[in-house]
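Working notes, beginning with the structure itself.
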Amino acid sequence: MPENALRFSLADFFFNDNPDVLTPPSDYLSWIGHPEIQTAMRFFGQEFLAAPRPDTEVLSHLDGGRRRVINMTSYNYLGLSSHPEVIQAAKEALDRYGLGASGAPLLSGTFDLHVKFARQLADFKQKEDCLLYSSGLGGNLGAIQGLLRKGDVFILDEKCHKSLIDGGTLSGAKMLFFQHNDPASLEAMLQKSKGKRALVAFEGVYSMDGDLVRLPEILEVCKQHKAATYIDEAHSTLMFGPNGRGVAEHFGLEHEIGMSFGTLSKSFGGVGGFVCSNAGIINYLKGYSSPWNFSCAPSPPVVAGLMKALEVATRDSSLRDAMWANVKYLSKGLKDLKLDLGGSESQVIPIIIGSSGEKLMRFAAEIQRRGLFLQPVDFPAVPAESRRFRISVSSQFTREQMDRALNIIEDVIVKGR
Ligand SMILES: Cc1ncc(COP(=O)(O)O)c(C=O)c1O
């Protein structure tokens, strides 16, 4: 591998020319073993030694030592993963039901908890019915793979999550990508797809940039073409809208959305995914969505914890109000430092560094040494010219933690530029 290993990324080693399927490509092996890449890779997969609270402990890969950090990377936006009532509900369910569901939902995996929680989620999202999955990725992949067939067209915003893309690939439908949040580009794709069944997918909050879908304009185009719609509210459920139902509620357009997806691993603080829609299509998906009907149902104690999380988050607006107050405070602090925050309109706040992978990794190491856990986001997860750090704001951040984080960011990123 030449000197400039940092110019390459995982995007360059996808096709394996090795005759043995179980041996990685030889150029990948020399790239991943290169000292520069090994240094960069240290930032990924570091171990948390406690709950993903703002004040936590990690086993730092920088030096192998335990390090207390201000954690600004977890998606635990409302602090529900370790909320005392959530923990208590999960503990009680653990005693009663045991650890796992021990079966796929169609056979022996459906418990009263699953039925109740799916009903609660459908009511919350104001749809007729809901299907619960064991993971968010499985939910997107399974719903799309179950809905679409060869001959259909799946049209996605180019910034949609990999789980939607993989669902499209599995379904056999033709996939088209419209330019990010651009109704004219979507219109062109739908014109091309005339006469075919079409499903259009977009996200409520885009996970790398923190901007919102231009929902009124996008839905208007879909309506004109009678295309079905699918919203991924992974990063917006429980945070947006007067009742926390998401970005569709925020725009007052919930009833215009065909299918609404959410994950249970972010604001809910657990793990799993769900889709809500009309009762007929949810029932149909039970027969055709493999991650639902060929996979074990979600763990009962987790479901019990999630039911409590939904109750806690929706009984009043205090958690999301606290989160929004923190978004306001941190965004102002970062803007005062003249940092490039892209078009963020949410609790996902990127700090865009630019094209230098070397700088990104140098900053990442220094930030962590100073006690802030802020992961670098590199190409191909984001475009090579906009490598970044990404803050996930939590309702649990204190002013003192945010001030300390802003100081570290100023010292390392602003002064190190
Ligand atoms: C937009 C979006 N959709 C779906 C998922 C998958 O969710 P999960 O991590 O719960 O499997 C993610 C995860 O990061 C995501 O950002």
Side-chain angles (χ1 to χ4, degrees), residues 44-45 48 52 72-78 80-81 117 121 125 130-147 154 156-170 177 180-181 199-213 215 218 229-240 246-248 250 257 259-276 289-292 295-299 302-303 305-306 309-310 342 344-350 375 377-378 380-382 388 390-394:
F44 304 105
F48 276 77
M72 293 202 160
T73 295
S74 293
Y75 305 131
N76 189 14
Y77 300 127
L78 301 179
L80 288 166
S81 102
F117 188 43
L121 286 170
K125 288 281 179 175
C130 167
L131 204 55
L132 267 188
Y133 291 87
S134 308
S135 85
L137 182 139
N140 262 342
L141 187 139
I144 301 301
Q145 164 256 319
L147 291 173
F154 185 32
L156 309 88
D157 186 291
E158 63 183 346
K159 293 205 172 170
C160 274
H161 191 259
K162 182 84 161 79
S163 49
L164 288 163
I165 300 168
D166 285 356
T169 306
L170 262 182
F177 293 87
H180 179 52
N181 247 340
L199 177 67
V200 177
F202 38 83
E203 296 181 11
V205 166
Y206 284 90
S207 59
M208 290 295 157
D209 296 275
D211 57 334
L212 305 193
V213 60
L215 196 59
I218 298 278
T229 53
Y230 185 106
I231 190 166
D232 176 334
E233 297 245 35
H235 293 270
S236 40
T237 299
L238 298 185
M239 272 97 60
F240 277 82
V247 161
H250 165 83
I257 300 280
M259 188 167 276
S260 175
F261 162 88
T263 175
L264 301 164
S265 67
K266 305 192 195 307
S267 54
F268 279 86
V271 66
F274 63 96
V275 287
C276 296
S289 184
S290 303
W292 187 80
S295 186
C296 188
S299 156
V302 171
V303 175
L306 290 165
L310 178 62
S344 173
E345 304 167 81
S346 69
Q347 78 289 352
V348 177
I349 309 180
Q375 291 289 75
V377 188
D378 205 349
V382 291
R388 64 193 66 187
R390 189 177 49 148
I391 295 181
S392 299
V393 179
S394 167

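Order of appearance sets the numbers: ligands from 1, and atoms from 1 within every ligand. The analysis underlying the following values was restricted to heavy atoms, covering all of them including side chains, and did not include hydrogens, waters or symmetry mates.
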With distance as the sole criterion, is a donor-acceptor pair present between the side chains of [X] and [Y] under 3.5 Å?
X	Y	result
Tyr206	Ser346	no
Lys266	Ser392	no
Tyr77	His235	yes

Under 4.0 Å from ligand 1 - residues by heavy atom, chain and number: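 Lining ligand 1 at under 4.0 Å, by heavy atoms, one finds Gly136, Leu137, Asn140, His161, Ser163, Glu203, Ser207, Asp232, Ala234, His235, Phe261, Thr263, Ser265, Lys266.
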Heavy-atom check, side chain of Phe268 versus side chain of Leu80, under 4.5 Å: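 A side-chain contact is absent here, since even the closest heavy-atom pair is not under 4.5 Å.
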Side chain to side chain donor-acceptor pair (under 3.5 Å) partners for Ser163, two or more places apart: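 Counting only residues at least two positions away or on another chain, Ser163 forms a side chain to side chain donor-acceptor pair (under 3.5 Å) with Asn140, His161.
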Test side chain to side chain contact (heavy atoms under 4.5 Å, CB included) applied to Phe202 and Leu156, step by step: CA-CA 6 Å; Phe202 38 83; Leu156 309 88; over 6 Å; no
